[in-house]
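Residue numbers begin at 1 in each chain, while the letters A, B, ... track the order of the sequences. Worth knowing before you read on, the calculation uses all heavy atoms, side chains too, and leaves out hydrogens, waters and symmetry mates.
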Amino acid sequence: MSKHPGSQLRGKSRGGGQSLNWVFTLLGMLILLFILVPLFKMVFLSNKQALGQALLDPQTLSSIGLTIYAALIATAIGFVLGVPLAYLFARREFPGKGILEGLIDLPIVVPHSAAGIALLFVFGSNFLVGRGFKAVGIQFIDSLAGIVIAMLFVSVPILITSAKESFRKVDVRLEKVARTLGASPWQAFARVTFPLAWRSILAGSLMMWARGMSEFGAVIILAYHPTVAPILVYQRFETYGLAQAIPVAAIMIMISALVFIGVQTLLRRRDAGA
Amino acid sequence: MSKHPGSQLRGKSRGGGQSLNWVFTLLGMLILLFILVPLFKMVFLSNKQALGQALLDPQTLSSIGLTIYAALIATAIGFVLGVPLAYLFARREFPGKGILEGLIDLPIVVPHSAAGIALLFVFGSNFLVGRGFKAVGIQFIDSLAGIVIAMLFVSVPILITSAKESFRKVDVRLEKVARTLGASPWQAFARVTFPLAWRSILAGSLMMWARGMSEFGAVIILAYHPTVAPILVYQRFETYGLAQAIPVAAIMIMISALVFIGVQTLLRRRDAGA
Amino acid sequence: MLKIEGLRVELPGFALQDIHLEIANGDYFVLVGPSASGKTVLLETIAGMHRVSTGHIWLDQRDITGLEPERRQLGMVYQDCALFPHLSVAENIAFGLKVRGRPPSDIARQQERLVRLLDIGPLLARRTTRLSGGERQKVALARALMTDPEVLLLDEPLGALDPQTRENVREEIIKLHTELGLTIIHVTHDFEEAVAMGQNIAVIGAGAIRQVGPADEIFRHPDSEFVARFTMAVNVFPGRTEVGPAGTSTFVVADARLLTRSTVEGPCWAAIRPDSIQLVATSSEAGPDNRFTGQISRIINKGSVVEVTVDLPPAMTCLLTRHGFDQLDLAVGRPVCLVVPPAAVHLFQD
Amino acid sequence: MLKIEGLRVELPGFALQDIHLEIANGDYFVLVGPSASGKTVLLETIAGMHRVSTGHIWLDQRDITGLEPERRQLGMVYQDCALFPHLSVAENIAFGLKVRGRPPSDIARQQERLVRLLDIGPLLARRTTRLSGGERQKVALARALMTDPEVLLLDEPLGALDPQTRENVREEIIKLHTELGLTIIHVTHDFEEAVAMGQNIAVIGAGAIRQVGPADEIFRHPDSEFVARFTMAVNVFPGRTEVGPAGTSTFVVADARLLTRSTVEGPCWAAIRPDSIQLVATSSEAGPDNRFTGQISRIINKGSVVEVTVDLPPAMTCLLTRHGFDQLDLAVGRPVCLVVPPAAVHLFQD
């Protein structure tokens, strides 16, 4: 509410009695280091030569390519189906909305291997939905389609939540004004609401993409082959040990980090009002 | 900004021209069904008898117990170290804050198997940190400690983000007033800020706990044994097939769903101002 | 003519009830009421943003009750203007004709006209974030006028402006009203603003219309305690009327007997505006023609005007200009004489 | 005494510059300025919430510049009260003594005193969400007063209230000031409120103090265009002074020559408050003693008062009560005569 500059409490710069800051900083540093040290070590301290070799290995490359591609398809599907749902959540009232909004987040906390089992229980070729897809030539076990639905299932809540929040941030009166100016609901959405929300939606899509690429548990149940990169990491580790797994893992961490930097940049620009 | 009741656009109830609502509802239904049908089918349509048997199987029970216990330890550590960091993010300005806030979310998008490798690369007994812990009798490979750090790594960002947001929602002027009334920074935190944020923090802790229980990829790298439930699901699936995996998976989904209902209830009560 | 009949709008935790209004073409109509009284909801309902439970809205014989907002031909301007932040000023203004698919030449011509009328040429290429409060209002007005609306709906158009700019925008709006012959419905919580701008006024409270009429009528002759207090009549007393010899009416409250021109009988209320009470030096005696003496109990200096309260009883407050106040040399506790013109004693039954 | 010397506070995108102030014990001091002028930042700096770049704040000889807020013994009340929403009214009030570890009997005694003073007994057991605006303010005042602060800091204490409640809380605050002999620093954007409540006033603009002095002095004798306009002097003209025979001063602007008692020479500004200009029927002639005739160019009816502008040139605006206005039967275009008392023509150099 405060419109005045600098209304936040600048505790750190005050004189004595700031033991809270020191204690909190110390505790916070511990968890920061716990998260950052492993990631930095992977990126900067792993064997550079092995990394180079991994980048020349056709199996690694095709696996990474498959991961990127499958996650991209999942994100595209998630975008087409999820963004409209997010808009409805943000703008309409209907009975049971609160419950549905909650349920949509369930995949985040469901064990990923259990999610894989659940998907197989529906999309497996001996079940109704699976049989239907089989009839049109789509099978989910050990196939790209299986990888895509596994990724979609675990990652689409990220996009839906992010799109919902960004639609909510668009002042509803802008839509109302657009309507009084003669815009149909479609025009108001396309010319006002979506353009104002798109940066956050794009960030959400990138997050979904990265999250899809990261999926291991649900994918391994549905499709051990073709092998996505997270599974390749596991295979190498199981078969050859840590040293062989590190290069592929490091590459995947770098890709995630790059996407993540993109997300952060987008979100920062939005906050800067650009 | 709008203080008036019912300022939202209630488009659905207006006369014609509401094709947007129908198209968006249709698309949204598809993704809702995609997420909910597998989960519901697992919970309500799986073999009840097999489910009952699984609940009597000592391996299943000890595995679920281990999962709950390990995730609880991870959450406790995350709470002690993460909540202070969240408070600093919410209330203090310091150089690099934006970057650190972004980095803390990286574990969400890092492939989980790669995260496991990264943790092993630091906490493995032939590396510096791992050697240090080994000296005091803590080893991370195939141990509870390994399960805990794997869970902590992938789930702590959830708690930190949630705590940060809930601290931000507490009007900073309440802290300022508390200070002018004679409260030290510790007292202002303990008597004003934390009590006002605790409901969301508790919800965030529950989410972290559920997310920890769900972890598969990072845990399988660090500790195949003792077997947490998500790994047990995978083992059963690999060894005996889908039918044998479903009961354990269904139980885990139910546990996640229960925790999740708890989270949603907490968040709804907070929004209702209770 | 905009006609509202038996309108009821139900929203979570709030309802507009039984609204009847007739707003003539070309009228400057002000909807005024305290916050959360439902004025904005009523305005938005006219614009088509809320579902109507019962009742009808007619615009020139056409029943628009169920019509989509985009087909109503109404212009809406919100308090903070609600300019599209991703569009330039020119694009904001052109929006209404662009969505209608009008050719650029039409848009340019219409824009040209409004730019001249509102004198906003230099703003066209700017980003909306670079505008001052007054500039934002002008742009929002231009945007709403581009589509030649039959009725212009203004939601607190002066609310977010500082005093200097407010004067400016107030004149701009009145100029638009006069020059374009627009029908304007203006929502405000500020009764002073309502009286200054409105030809006709409706006072709204708790979702219902409390009184409708010409601005001056509402100002001088409130017909309920709510309206009397809301219009800052200040001296609002419950009492009763006694009809004297020769048909004279006297309002009795506490120790005071007030001659009045009103003709309400029995128990009733009196409202006496503080500016209509004259305060004179104490030399003159209390008398039959509504002259009272008493001690000053409170002085509130409001800058250019001063409120002086005298406990007769009842406590009666009168308003002086600062200059007038200074010349009388008044202070709390000093005895003074109040003169209340009988025509200023307005009686009503609530 | 609260003394501020050469204070500079730097915040992202804003700075308070070179603030000097002396506020005597027991003073009712109002900091008034437009929005984002830095008044709240200054108040918060006094309370210890911002880092001071240069300068000092002294409270009764004690340098409190670097002191933690909790050690300053100041009470703070924010516009929306900032009551602790998780505590009851009684717990809110007791907060300050509880964190000091005072025994319950002390707390009860002190609370008892304030409950009586502010008449808030019935509220004690309530949740803060169940309070009206005026009740919230009283509770916030009680909470701040529990710790016996030396200075009470009020940030827009009337800003969030509706007109009726405002009057009420205004009196409550003035009562506290008188009965407890408190030093009060009151921040507002409303000059009317500043004049009504302040013994001394500082006008602040863009992070700097523009003028400080007794309320009446600021009101009558602004010393810059900024202050003149902010205090709504309305008639503010740039011109020059000519010294006539016998030491008379005349201010010249456009076609008008205004006799004045001010003694500023050369190019300067004049400020003439609209309430000090008298408007009389046109029968009388323009004359040497600041009598001017002209046509009415604009009438703004503000309810109880009316602003009438006459183009001499320059355009001069005077203020009448509604009753006075009605008796003169004025309309736009009608010729009238303005009388400007020479004592009302205040000159200053900006």
What part of [X] is in contact with chain A, defined as an atom under 4.5 angstrom from a non-hydrogen atom: side chain, backbone, both or neither?
X: B/Leu232; result: neither
X: B/Met208; result: neither
X: B/Val228; result: neither
X: B/Thr25; result: both
X: B/Phe153; result: both

Would you say that more than 12 heavy atoms from the other residues, nucleotides or ligands in this model lie under 6.0 Å from the CG of B/Leu33, or not?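 Count over threshold, so yes.
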Assess whether side-chain contact (heavy atoms from CB on, under 4.5 Å) is satisfied between A/Ile117 and B/Val248, documenting all intermediate values. CA-CA 10 Å; A/Ile117 298 290; B/Val248 188; over 6 Å; no
Do [X] and [Y] have side-chain heavy atoms sitting under 4.5 Å apart?
X: B/Val122; Y: A/Phe40; result: no
X: B/Pro107; Y: A/Ile35; result: yes
X: A/Phe216; Y: B/Ile220; result: yes
X: A/Glu101; Y: B/Gln264; result: no
X: B/Ser214; Y: A/Val110; result: no
X: A/Val83; Y: B/Phe24; result: no
X: B/Phe34; Y: A/Ile149; result: yes
X: B/Ile221; Y: A/Leu242; result: no

Looking at every heavy atom in both [X] and [Y], which two are closest together, and how far apart are they?
X: B/Ala118; Y: A/Met42; result: CB-CG, 3.3 Å
X: A/Asp105; Y: B/Phe260; result: CB-CZ, 3.3 Å
X: A/Pro230; Y: B/Ser113; result: O-OG, 2.7 Å
X: B/Tyr87; Y: A/Leu20; result: CE2-CD2, 3.9 Å

Out of [options], which one racks up the most heavy-atom pairs below 4.5 Å with chain A?
options: B/Val43, B/Ile251, B/Ile108, B/Ile261; answer: B/Ile108
options: B/Ala257, B/Ala115, B/Ala210; answer: B/Ala210
options: B/Ile255, B/Ile31, B/Leu26; answer: B/Ile31
options: B/Leu45, B/Ile253, B/Leu106, B/Leu103; answer: B/Leu106

For [X], is it the side chain, the backbone, both, or neither that has a heavy atom closer than 4.5 Å to a heavy atom of chain B?
X: A/Phe121; result: both
X: A/Leu36; result: side chain
X: A/Ser155; result: neither

Chain B interface, residue from [options] that has the most non-hydrogen pairs under 4.5 Å:
options: A/Pro84, A/Gly124, A/Gly28; answer: A/Pro84
options: A/Leu30, A/Val109, A/Leu85; answer: A/Val109
options: A/Lys41, A/Met252, A/Arg211, A/His112; answer: A/Lys41
options: A/Ile158, A/Val129, A/Leu32; answer: A/Leu32
options: A/Val259, A/Leu120, A/Ile160; answer: A/Leu120

